[in-house]
Amino acid sequence: MAHRTLALAPSDEDSDAKGSFGMPRRQFLTFCGALAVAMGLPRSAGAQVATAIAIARRPSVIWLQFQECTGCTESLLRAEHPTLEKLILDVISLDYHETLMAAAGHQAEAARVAAMAANKGKYVLVVEGAIPSKENGIYCKVGGRTAIDIVKECAADAAAVIAIGSCASWGGMPSTSPNPTGASSVAEILGKPVLTIPGCPPNPYNFLTTVVHFLTFGKLPELDAKGRPKFAYGRLIHENCERRAHFDAGRFAIQFGDEGHRQGWCLYKLGCKGPETYANCPSILFGDVGTGSWPVGTGHPCIGCTEQGIGFQKPIHALAELLTVTPPTQFARPAEPQGVGATFASAASVAAVAGVAIGIGAKIASNLGKHEDKP
Ligand code: FSX
Ligand code: SF4
Ligand code: F3S
C-alpha cells in the first residue's frame, strides 16, 4: 500500500481534498450520505458532508504513540480496500506520525514542533496508547522526554484532542492489574475530558466519521459521559447483534465447536460481553471484507474491548451483566431449529434494529466497492 508522504506543507495548500477521492461523484455522494446516517443525521445531510469534505481545509493532525501495540494505526491502514485509508489520509493532513513518517530522530521531533507552530490553535491532536504515570513517567520516553511532558505540550495548542483506542481512552490493556507503570488515559494526564474512540483496535470508520463531523460542522460530535461519540457508542452491541434473535429465543452455544456454535447461535453463555458493551461493531464491521467481519460474526464472544472494567479485566468466560433487557412477549422453544420459531417481538426488533444498523455498515462497505451485500 502506498502511504501518503508526510510533509510539513500548510494543510490548506493541498488540493487533494477537493476531489472526490477517486470515487465517481455519485458514489461519493452516496458514501457521504452513509456517513451522515452513521452520524445520526438524515441521509439528505450527505450533500452538506460532501461539500464540507470537498472545500474544507484538511486539519493538521499530530498523532502521538505511547504504550500501545500500534493496532490503532494498523486498523486505520490495513483495510483491504484502498479507499478507506485514502479517505482518511485525504481528509486530514497527517503531519506527525512516528510509524508512518520518513523522518527519524531529531528530524522527527523538529517536524512535530514545526507542524504545531504552523497550525497553532488549529491542529487536532490524536493520542494512541496509554501514558505511564508512575516514577514521574519514566517508563515511556520519546526523544528523552516523558510521554506526560509531550502530551501536555502538544495538547496546549490543539483545537481538539482525540484519544484513539482503549489504551488512550481509559488505559486499556497496559492499565490492567497490577498496572506496574501506572498506565493512564489521556484525560487523566491532561486533567480534562477529551473525545475518546475506544476499541482495541478501534474501528477506523468511527475516526473517519468523527473527523468528517468536525469538518462539516466545525465542532466535535455529541459525546457521552465517557467522551465517546454518541453516534458510535450510543447503543449496546447486544441491540444490534445479528444473533440477537437466538438470544431472545434461548438458543445458545454452550461450548466452542458444539452444534449451537456451528449453527451461529448466541454466544452469551460463552461469555459474550455484547449485553454490557457500547459500540457499533456489528453495524459497521471491520476491514471491508464483507458480512460477519466482526468478533461475534466470526464466532468469538465480544470481550468488551471498548469498555473500561470489562475488556481485559473481566474473564472471557464470565457472563455479561444484562444492562438493558426488554424481554420479548413470547419465547420460542430453546430446541427450535435455527431460523424457525423466533418470536414476533424478537424478529421485529432484529429486523428494525439490525436492518437499519447493518444497512449502514453494508452501505458504507459496499460504497467502498467491496462487499457481498446481505439479502
Ligand atoms: Fe493496540 Fe492502539 Fe489496542 Fe491500545 O489500539 S489495538 S493495544 S487500544 O492503543 O495500538
Ligand atoms: Fe449477540 Fe452476544 Fe448479545 Fe448473543 S449475547 S445476541 S452473541 S451480543
Ligand atoms: Fe471489541 Fe466487542 Fe467490538 S471485543 S471489537 S467491542 S465486538
Side-chain angles (χ1 to χ4, degrees), residues 63-78 98-99 126-131 140 162-176 183 185-186 196-207 228 232-233 235-253 260-261 264-287 292-308 310-312 314 316 319-325 342 346 349-350 353-354 357 361:
W63 187 299
L64 303 176
Q65 292 172 272
F66 300 123
Q67 286 178 299
E68 44 81 46
C69 74
T70 309
C72 305
T73 293
E74 290 287 346
S75 76
L76 201 77
L77 300 174
R78 291 286 168 177
E98 287 156 18
T99 305
V126 178
V127 184
E128 173 177 356
I131 298 156
C140 181
I162 297 176
I164 194 160
S166 294
C167 301
S169 297
W170 50 263
M173 195 185 289
S175 69
T176 51
S185 69
V186 176
T196 64
I197 303 181
C200 188
N203 195 304
Y205 284 118
N206 291 336
F207 177 69
R228 306 177 292 193
Y233 299 90
R235 302 181 78 164
L236 290 167
I237 283 174
H238 192 54
E239 293 175 50
N240 287 341
C241 180
E242 64 258 30
R243 301 188 185 212
R244 175 61 189 264
H246 295 302
F247 177 91
D248 289 342
R251 289 188 290 260
F252 300 104
H261 193 235
W265 289 1
C266 172
L267 304 173
Y268 173 73
K269 293 192 177 176
L270 288 174
C272 180
K273 306 300 186 292
E276 55 184 342
T277 300
Y278 289 88
N280 56 358
C281 312
S283 311
I284 61 172
L285 311 174
F286 289 83
S293 55
W294 69 291
V296 168
T298 65
H300 195 283
C302 166
I303 65 164
C305 76
T306 59
E307 290 288 348
Q308 184 168 20
I310 299 173
F312 317 114
K314 209 164 168 176
I316 288 180
L319 290 184
E321 191 183 338
L322 298 172
L323 291 186
T324 58
V325 177
S346 65
S349 77
V350 167
V353 175

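Quick note: residue numbers are just sequence positions, from 1. We count ligands from 1, going down the list as the structure has it; atoms in each ligand are counted the same way. Since the model is a prediction, treat every value here as computed from it, not as a measurement.
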Do me a favour and list the nearest non-hydrogen protein atom to atom 1 (Fe) of ligand 3 with residue, atom name and distance?
C305 SG, 2.3 Å

List the closest protein heavy-atom neighbour of atom 2 (Fe) of ligand 3: residue, atom name, distance to the nearest 0.1 Å.
C302 SG, 2.3 Å

Could you tell me the separation between the CD atom of Q65 and the OG1 atom of T70, rounded to the nearest 0.5 Å?
5.0 Å

Looking only at protein heavy atoms, identify the closest one to atom 4 (S) of ligand 3 and say how far it is in Å.
I303 N, 3.2 Å

Is the F252 to H246 ring centre distance short of 6.0 Å?
no

Test log, rule side-chain contact (heavy atoms from CB on, under 4.5 Å), inputs I303 and F312:
CA-CA 8 Å; I303 65 164; F312 317 114; 4.0 Å; yes

From CA spacing to verdict: side-chain contact (heavy atoms from CB on, under 4.5 Å), L236, T277
CA-CA 5 Å; L236 290 167; T277 300; 5.6 Å; no

Going by atom types only, do N206 and N280 share a side-chain donor-acceptor pair under 3.5 Å?
yes

Atom NE2 of H238 and atom SG of C302: how far apart are they, to the nearest 0.5 Å?
11.5 Å

When rounded to the nearest 0.5 angstrom, what is the spacing between CZ in R228 and CD1 in I197?
12.0 Å

For residues Y278 and Y233, establish whether the separation of their ring centroids is below 6.0 Å.
no

P295 neighbourhood, listing ligand 3 atoms whose heavy-atom distance to it stays under 4.0 Å:
5 (S), 7 (S)

Would you tabulate the polar-atom pairs, meaning N/O of ligand 1 against N/O of the protein, with distances under 3.5 Å, reported to 0.1 Å?
residue: ligand 1; atom: 5 (O); partner: C72; partner atom: N; Å: 3.2
residue: ligand 1; atom: 10 (O); partner: E68; partner atom: OE1; Å: 3.4
residue: ligand 1; atom: 10 (O); partner: C69; partner atom: N; Å: 3.3
residue: ligand 1; atom: 10 (O); partner: T70; partner atom: N; Å: 3.0
residue: ligand 1; atom: 10 (O); partner: G71; partner atom: N; Å: 2.7
residue: ligand 1; atom: 10 (O); partner: C72; partner atom: N; Å: 3.2
residue: ligand 1; atom: 10 (O); partner: E128; partner atom: OE2; Å: 3.3

Roughly how far, to the nearest 0.5 Å, is CG of L76 from CD1 of I164?
6.0 Å

List the steps, then state whether side-chain contact (heavy atoms from CB on, under 4.5 Å) holds for R243 with L267.
CA-CA 8 Å; R243 301 188 185 212; L267 304 173; 3.6 Å; yes

With a 4.0 Å cut-off, would you call K314 and E276 a salt bridge?
yes

Between CG on residue L323 and CD on residue E239, distance to nearest 0.5 Å
9.5 Å

Under 4.0 Å from a heavy atom of W294: give me the atoms of ligand 3 that qualify, with their elements.
7 (S)

So, at under 2.8 Å, which protein N, O or S atoms would a careful student list around atom 2 (Fe) of ligand 2?
C272 SG

One finds that the ligand 3 atoms under 4.0 Å from a non-hydrogen atom of C281 are 3 (Fe), 5 (S), 6 (S), 7 (S)

Quick check for you: to the nearest 0.5 Å, what is the distance between K269 atom NZ and H261 atom NE2?
15.0 Å

Should you measure from each heavy atom of I237, which atoms of ligand 3 turn up under 4.0 Å away?
2 (Fe), 3 (Fe), 6 (S), 7 (S)

Closer than 4.0 Å to some heavy atom of G304 - which atoms of ligand 3 meet that?
2 (Fe), 4 (S)

Can you name the atoms of ligand 3, numbered from 1 with element, that are less than 4.0 Å from a heavy atom of F286?
5 (S)

Is the distance between the ring centroids of W294 and Y205 under 6.0 Å?
no

